[in-house]
Amino acid sequence: MLRLYDTATGEVTEVGLRAPGRASLYVCGPTVYDAPHLGHGRFSLVFDVLRRYLLFTGLDVTYVSNITDIDDKVIERAASAGTTPSELTAHYEQVWWEAMDALGVLRPDEVPHATAYVARMVDAVAELVDRGVAYETSDGVYLSVADVPGYGLLARQPLESLRAGARVEAGEEKRSPLDFVLWKKAKPGEPTWPSPWGPGRPGWHTECVVMSLDLLGDGFDVHGGAIDLIFPHHENERAQAVALGRDFAHHWVHNGWVTVDGEKMSKSLGNFTSLDDLLSRSDARAYRLLVLRAHYRSPIEITPDTVAQAEAQLARLDELARRFELADPLEAAAFVVDAGPTGVEERDEAVARFRAAMDDDLDTPGALAAVFELVRRANTVADASGAEAARPLAEAVAEVCAAMGLRLRRASEELDDETAALAAARDAARAARDFARADSLRDELTGRGWLVEDTPEGTRVRRP
RNA sequence: GGCGGCGUGGCCGAGUGGUUUAGGCAGGGGCCUGCAAAGCCCCGUACCCGGGUUCGAUUCCCGGCGCCGCCUCCA
């Protein structure tokens, strides 16, 4: 059974499921006011891997991830771009899904949009006011965190300690600097929805509480997001759920940063890279592999060097797929499910090692180590006893990679006529034992950017 | 000021109180090959510093040093 670090307790504990055989996950999605960057890519990949692994173990998984399509940034960006918030968010949501598709991230089962949930958010805020834990000011409605038992649980800091560091804006009417806005009264020119407090729009933290509980119900299993969402976003979500008397997420999972030169990549530091930049200059699978190579809670450094290392690693896997002409399990189905032991002992043990690593707080580096050991074994057995003897091992590599969403590529490149002719000429020269000519033809091919290999079937060229 | 994380061999990156090792990339030697490539085999006496606990610490404790993060509606 899967064990994961739980931010709420600070310990790695078993992920208890609300309903046997069924897992429910809510992952905070993007605010669609700009193109996605590497950080968005990482959290999407981390939770895609978690989801795929749960599916692999045979669970029925419901995965919900939202789109935030109304907030200050959306309004500001739309204004400066001379467009409307809804046009802006429609555009960037499309960009978002294109990037997710490129990364091989499965679409969520449900994608709630904040703007579609405003009425239900108003209901929730009204109930918080009724319960006496929220109050109205001249500019909105706020939650009184002092009235929420256990506030600071996720931040792992007591209320007083958080208060000491909180920034206080001049002219605020909040009772405590930590109180956060549930409803913002409209300023001129802003999109609005009706409410008991006049026209306005919801605060950010409310949507995820309302949408997750609506779609997954009380006591859903896992709530995830990137580490920066712990405080205040998730803390404040939880605070509302507690104040509403609802049973909220049972396990909190957060992934680590993408860093650049050892520093957190962030917009304010101006050191962020868009996902498109990376995908345009590297194999999209390399980013998934880069994410898998590090533990999900560790920071990962994305540099041209680490990307190149991941691509070299990928080449080793692809080479195996080519050697065995492996079918891609993700060609036939969106995800793979473990069919259980096959009776081929070495294969079954390797899959068990893979699962043990994944069960141990999603230890993907360990899982990858099991994969590469299996790659070596498959090649060794094939060298000694032929490809058929090693086939179950090689197929297990593809299967287990697919369980992490990593697809292997066996297709050789399309050859243009000239290249194919050079390769054929080289085969003829070798057959005639005219090695000088064969070597010069290889140089010719190499000069055109091909890597030349001899196989039992003759010259094979591929891109390095 | 409060809270937390990290410091592993050329690089990336796991892990562990001591028996034989993560894994990948790069590098060296070998097998294979007409020569290569791919694949396979072998190779690096790594764990920030100083104390302490211990028969024994990279792993536990304390103290340093260095780096990073959160306490701001950043993934």
Side-chain angles (χ1 to χ4, degrees), chain A residues 10 27-31 36-44 46-47 68 71-73 152 155-158 160-169 177-178 180-181 184 203-205 224-233 235-236 254-259 262-269 272 289-290 293-295 297-301 303 305-317 319-320 322-323 357 363-373 375-384 430 433-436 438-439 442 446 451-455 459-462 464:
Chain A
V27 175
C28 282
T31 302
H37 55 66
L38 295 181
H40 294 108
R42 183 176 192 191
F43 94 73
S44 299
V46 164
F47 288 101
T68 298
D71 87 339
D72 290 348
K73 293 235 169 59
R156 304 189 67 68
Q157 284 193 65
E160 277 317 307
S161 156
L162 286 166
R163 197 202 305 275
R167 174 178 295 186
V168 181
E169 301 287 341
L178 292 171
F180 59 92
V181 69
K184 293 185 174 193
W204 179 37
H205 309 304
I227 195 170
D228 62 330
L229 294 181
I230 293 174
F231 193 94
H233 185 53
E235 188 76 54
N236 289 348
H254 295 96
N255 66 277
W257 297 117
V258 172
T259 61
E263 281 192 326
K264 171 187 168 186
M265 188 189 74
S266 78
K267 298 194 176 182
S268 56
L269 291 173
F272 71 98
L289 189 53
L290 234 21
R293 272 158 45 116
H295 187 81
R297 286 190 279 117
S298 301
I300 49 173
E301 178 84 5
T303 65
D305 194 46
T306 59
V307 172
Q309 285 186 11
E311 287 185 313
Q313 212 167 344
L314 218 39
R316 182 163 161 77
L317 294 171
E319 189 57 40
L320 185 87
R322 240 181 251 118
R323 179 174 191 180
D363 175 17
T364 53
L368 237 26
V371 168
F372 280 99
E373 278 164 14
V375 169
R376 180 162 40 77
R377 285 299 301 156
N379 280 316
T380 300
V381 171
D383 285 350
R430 292 188 68 229
R433 301 195 66 79
D434 181 356
F435 296 121
D439 287 349
R442 176 163 57 199
T446 303
L451 203 65
V452 180
E453 296 182 351
D454 296 337
T455 72
T459 294
R460 194 187 110 204
V461 300
R462 63 182 175 94

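Excluded from the calculations below are hydrogen atoms, water molecules and symmetry mates; all remaining heavy atoms, backbone and side chain alike, are included.
- For A/D305 and B/G10, the CG to P distance is 15 Å, given to the nearest whole Å.
- Residue contacts shown for A/R442 include a base, since a base heavy atom lies under 4.0 Å away.
- Mapping A/N379 and A/L368 onto RNA chain B via the closest heavy atom, the residue that lands nearer the 5' end is A/L368.
- Considering only the side chain of A/D71, B/C73 comes nearest among B/A14, B/G39, B/C73.
- The residue A/F435 sits close to a base: some heavy atom pair falls under 4.0 Å.
- For B/C67, the paired base is B/G5 (Watson-Crick or G-U wobble, both distances below 3.5 Å).
- Phosphate contact (OP1/OP2 of B/C40, side-chain N/O of A/R316, threshold under 4.0 Å): present.
- Using a 4.0 Å heavy-atom criterion, one finds that A/N236 contacts no nucleic acid atom at all.
- Across the C1' atoms, B/G9 and B/C47 are found 8 Å apart, a figure rounded to whole Å.
- Taking atom P on both B/G17 and B/G52, the two are 23 Å apart, rounded to the nearest angstrom.
- Remark: the A/R430 side chain and the B/G34 base include a donor-acceptor N/O pair separated by less than 3.5 Å.
- A donor-acceptor distance shorter than 3.5 angstrom exists from the side chain of A/E235 to the backbone of A/G152, with no hydrogens or angles considered.
- One C1' atom belongs to B/U20, the other to B/C62, and the distance between them is 34 Å to the nearest Å.
- Between the side chain of A/Q309 and the base of B/C11 there is at least one donor-acceptor pair of N/O atoms closer than 3.5 Å.
- For A/F231, the side-chain atoms get nearest to B/U72 when compared with the rest of B/U72, B/C74, B/C40.
- Taking atom P on both B/U21 and B/G34, the two are 38 Å apart, rounded to the nearest angstrom.
- In this structure, A/F231 and A/L162 have side chains that are in contact, with non-hydrogen atoms separated by less than 4.5 Å.
- Judged by distance alone with a 3.5 Å cut-off, no donor-acceptor contact links the side chain of A/D228 to the base of B/G69.
- If you measure from atom CG of A/L451 to atom P of B/A38, you get 7 Å, rounded to the nearest angstrom.
- Picking from B/A75, B/C41, B/G34 the nucleotide with the shortest atom distance to the side chain of A/H40 gives B/A75.
- The side-chain hydrogen bond (donor to acceptor under 3.5 Å, both in side chains) search around A/T446 returns none, not counting sequence neighbours.
- B/U8 sits 8 Å from B/C12 when the P atoms are compared, rounded to a whole Å.
- Using a 4.0 Å heavy-atom cutoff across all strands shown, A/E373 reaches sugar-phosphate atoms only and no base atom.
- The residue A/R42 sits apart from the nucleic acid: no heavy atom pair falls under 4.0 Å.
- The A/T306 side chain lies nearest to B/C12 when the options are B/C12, B/A14, B/C73.
- At the heavy-atom level, A/Q157 lies under 4.0 Å from base atoms of the strands shown.
- Taking atom CD1 of A/I227 as the reference point, atom C1' of B/G4 lies 9 Å away to the nearest angstrom.
- Within the 3.5 Å criterion, the main-chain N or O of A/P177 finds no donor-acceptor partner in the side chain of A/R163.
- Under a 3.5 Å cut-off, the side chain of A/T364 and the backbone N or O of A/H295 do not form any donor-acceptor pair.
- Across all strands shown, B/G34 forms no Watson-Crick or G-U wobble pair with both key distances under 3.5 Å.
- Annotation: B/G23 and B/A46 have their C1' atoms spaced 15 Å apart (nearest Å).
- The side chain of A/R462 sits closest to B/A37 out of B/C40, B/A22, B/A37.
- Put simply, the side chain of A/L38 does not reach to within 4.5 Å of the side chain of A/I300, judged on heavy atoms.
- Here the C1' atom of nucleotide B/G39 and the CD atom of A/E453 are 10 Å apart, to the nearest Å.
- As a whole-Å value, the separation of A/Q313 CD from B/C11 P is 17 Å.
- A/H233 comes within contact range of no nucleotide atom at all, as no heavy-atom separation falls under 4.0 Å.
- Backbone-only engagement by A/A294 is indicated by non-hydrogen atom pairs under 4.0 Å involving sugar-phosphate atoms exclusively.
- Nucleic acid contact class of A/P30 (heavy atoms, under 4.0 Å, all strands): none.
- Pairing of B/U20, defined by two Watson-Crick or G-U wobble distances under 3.5 Å, is not identified with any nucleotide.
- With both pairing distances under 3.5 Å, B/U58 is matched to nothing as a Watson-Crick or G-U wobble pair.
- A straight line from CG of A/L290 to P of B/C11 spans 17 Å, rounded to a whole angstrom.
- Within 4.0 Å of A/S298, counting heavy atoms only, lie sugar-phosphate atoms of the nucleic acid but no base atom.
- To the nearest whole angstrom, the two P atoms, one in B/U59 and one in B/C40, are 35 Å apart.
- Residue A/V181 is in base contact, counting any heavy-atom pair closer than 4.0 Å across all strands shown.
- Distance CD1 (A/I230) to P (B/C73): 15 Å, rounded to an integer number of Å.
- Put simply, A/R376 has a side-chain N or O that comes within less than 4.0 Å of OP1 or OP2 on B/C41.
- Along RNA chain B, the nucleotide nearest to A/T455 and the one nearest to A/D72 differ in position, and the one closer to the 5' end is contacted by A/T455.
- The nearest whole Å value for the distance from the CZ atom in A/R297 to the P atom in B/A75 is 22 Å.
- Put simply, the side chain of A/N255 reaches to within 4.5 Å of the side chain of A/F47, judged on heavy atoms.
- Here the separation of B/U45 from B/C55, taken at their P atoms, is 31 Å to the nearest Å.
- Looking only at side-chain heavy atoms (C-beta outward), A/W204 and A/D72 stay at 4.5 Å or farther from each other.
- Proximity of A/E373 to A/R376: side-chain heavy atoms (C-beta onward) are separated by under 4.5 Å at one or more points.
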